[in-house]
Amino acid sequence: MAEFHLETTVNGKSIVKNIDPSMRLLDFLRNVLHLTGTKEGCGEGECGACSVILDGELVDSCLVMAPQAHGKEVITIEGLAESGEIAPYQQAFMEVGAVQCGYCTPGMILAARVLLNNNPKPSKKEITRAISGNMCRCTGYTKIIQGVQTAASLKEAKDQQNVDIEFENLAEMDASRHAAKEGVTRE
Amino acid sequence: MLRKKVLPVNDYTTVGKSVMRIDGLQKTTGETKYAGDIALPGALCLKVLRSKIAHGLVKNIEICEAMKVPGVVQIFTHADVPGINGYGIIVKDQPMLTDKVRFKGDAVALIAAEDEVSAEKAMALIKVTYEELPPLYDVLDAMKEDAPAIHEKGNILGIYKIKKGDAESALQCADVVIARKYTTQRIEHLYIETEAGVAYMDNDMLVIKAGTQNPHYDRRDVARVLGLPLNKVRIMQTPTGGGFGGKLDISVQCFLGLAALKLGRPVRMVYDRETSFIASGKRHPFYIDFTTAADKQGKLVAVKVRIIGDTGAYGSYGPATLNRGAVHATGPYEVPNVDIESYCVYTNNPFSGAMRGFGTPQMAFATESQMDLVANAVGISPVDIRRRNILKEGSLTATQQQLNSSIGIGKTIEAAWEKALQVMPGLGDENK
Ligand code: FES
Ligand code: FES
């Protein structure tokens, strides 16, 4: 069978592999790259357990063929953790009890991230809509919605903190410039 | 003298506080390894050929063509089961690989192959010859005297009776008698993780890791079916992606065990969603015949209930489900005279087992519907009829258990009613 020469970026790493062109993105991630955080629940686009981010958009990786990721950027749950960006989501989901069996959790968190990237202060209705493609059989969704809300405020606080740090740096730079002018060296 | 230090409530480290899941972090990072995520180098892929007919005898299984498929390592049938070919939580009535089919989906052959594609190719080439028997999909038909027997001992697996006082005469002289029939449907658990597992031999020890709710029971059944002593079987529960009672039953465990034991190679098996639907247990459909009697004030005087539960092809937790159905038929209400009988009955439907509540959700639907009808007939509100009959401290249940503590239902009703009035003002007027 003809092979497909796949060049893609997964969680920031560039990947080059020759693959069976009929392979699903889900199987490529799980079986070829051993990124098993992405789950299979239904295999037909119903449950969202296999959700990944493809060029900024949430997709069901069971419905996307691996070659479709050619030249694109894939982010899986593992990538979220590595980039150090996951903390607010992790923290929020754990704190409010949005994680039970945990099987839907990777997909849910990725859905939350795509939402919050585009809409940092979503309403409850917007959250419900954003996670409507992801099924959870354990929680009843109340906690997951709370989790996304909490993640939103944690993320806001964190972004705020980053901004504050930047300001502090600026202030520091100003101060040292000032000090230099006056001929005083700072410790 | 040593004394135990008694901490005041707010000093407890966990009681009364929200606690984070111990495995929460791994679950949010995708690190958690569920059964289907475990990589066993060189593991064979297992697939099960399942029957397309609902009832029949397996006359012949032809595997020669299938064995020629490159990548196929072995195909097992009922003839290869080394131990006693029957498992089940309460009754050992379900064969691992069967020579008598009792529902569409019964396991007939197990294929072990190097990869999924060859296993599937082989599956299509196995030829099974059946002698078909008339299928029984209706539980009432299955109970008839002349119905074909699905299991040797007949189609009624168990009868559970609760009798107290004299229900018959109480029904005769009650002011209000309401008789209705109720049916409830079959429900699939639909845990998000499908059934999966891996197995391997650790010297002479069979190790099975699987998504299960019942590792100890699994161990007993696997040992029985494979003819192994208990201490040669080890079952490890992997993080389980939902169960809701459905993963109490054996799913992949015996298949994994047989192949690992006979082939001496690591094996792996993951159900797709379709297989999970076909092969797993369901919530029992109930057929309920409910008669409730009350006096003019709406105080219950008697109930007479007949329950039939469709346990499908196999018993699983059926006997317990029907038993609980009977025990909870009176709901959270005190009834002085009861006459309850429940029947656990085999059909050629998918098997039914445990699911969240064990027979009580089905009964609650009927019991509460009856309460509303009685309230209506007596001319009081649905809340009042419950207030008048609710179990309190000192109440006797249908089985004569005296309740002496922890009876919160009265408070719950009042709290719910208060809330209802808040969110639906005016409700109180209608029900005065
Ligand atoms: S596995 Fe892809 S949506 Fe369910
Ligand atoms: S936590 Fe179990 S499916 Fe969502």
Euclidean distance, B:Q26 CD relative to A:T105 OG1, rounded to 0.5 Å: 12.0 Å
Donor-acceptor contact present, side-chain B:K27 to main-chain A:C101, <3.5 Å: yes
Greatest number of heavy atom pairs closer than 4.5 Å to chain A - which of B:K33, B:H189, B:E274: B:H189
More than 12 heavy atoms of other groups within 6.0 Å of B:R273 CZ: yes
A:E40, part contacting chain B, at a heavy-atom distance under 4.5 Å: backbone
Neighbour count above 12 (heavy atom, 6.0 Å) for B:F358 CZ: yes
Test side-chain contact (heavy atoms from CB on, under 4.5 Å) applied to B:M20 and A:E95, step by step: CA-CA 6 Å; B:M20 278 203 219; A:E95 253 174 34; 3.6 Å; yes
Contact check, side chains of B:E193 and A:K39, non-hydrogen atoms, under 4.5 Å: no
Nearest heavy-atom neighbours spanning B:Y34 and A:Y103: OH-N, 3.3 Å
Heavy atoms from other residues, nucleotides or ligands near CD of B:E414 exceed 12 (cutoff 6.0 Å): yes
Residue among B:T32, B:L190, B:T240 with most heavy-atom pairs under 4.5 Å to chain A: B:L190
Nearest heavy-atom neighbours spanning B:T28 and A:Q90: OG1-CG, 3.1 Å
With A:A98 via side chain to side chain contact (heavy atoms under 4.5 Å, CB included) - residues at least two apart: A:F93, A:V96, A:K143, A:I144
Interchain contact, B:D272 with chain A, by part (heavy-atom threshold 4.5 Å): neither
Residue among A:G102, A:G37, A:P106, A:C104 with most heavy-atom pairs under 4.5 Å to chain B: A:G102
Pairs of heavy atoms under 4.5 Å with chain A: top-ranked of B:D23, B:D37, B:V19: B:D37
Under 3.5 Å: donor-acceptor pair, side chain of A:R137, backbone of B:G242: no
Greater than 12 external heavy atoms within 6.0 Å of B:Q237's CD: yes
Sub-4.5 Å side-chain heavy-atom contact between B:T29 and A:I77: no
Heavy-atom side-chain contact between B:F244 and A:C138 under 4.5 Å: yes
Heavy-atom proximity to chain A below 4.5 Å, by part of B:S18: neither
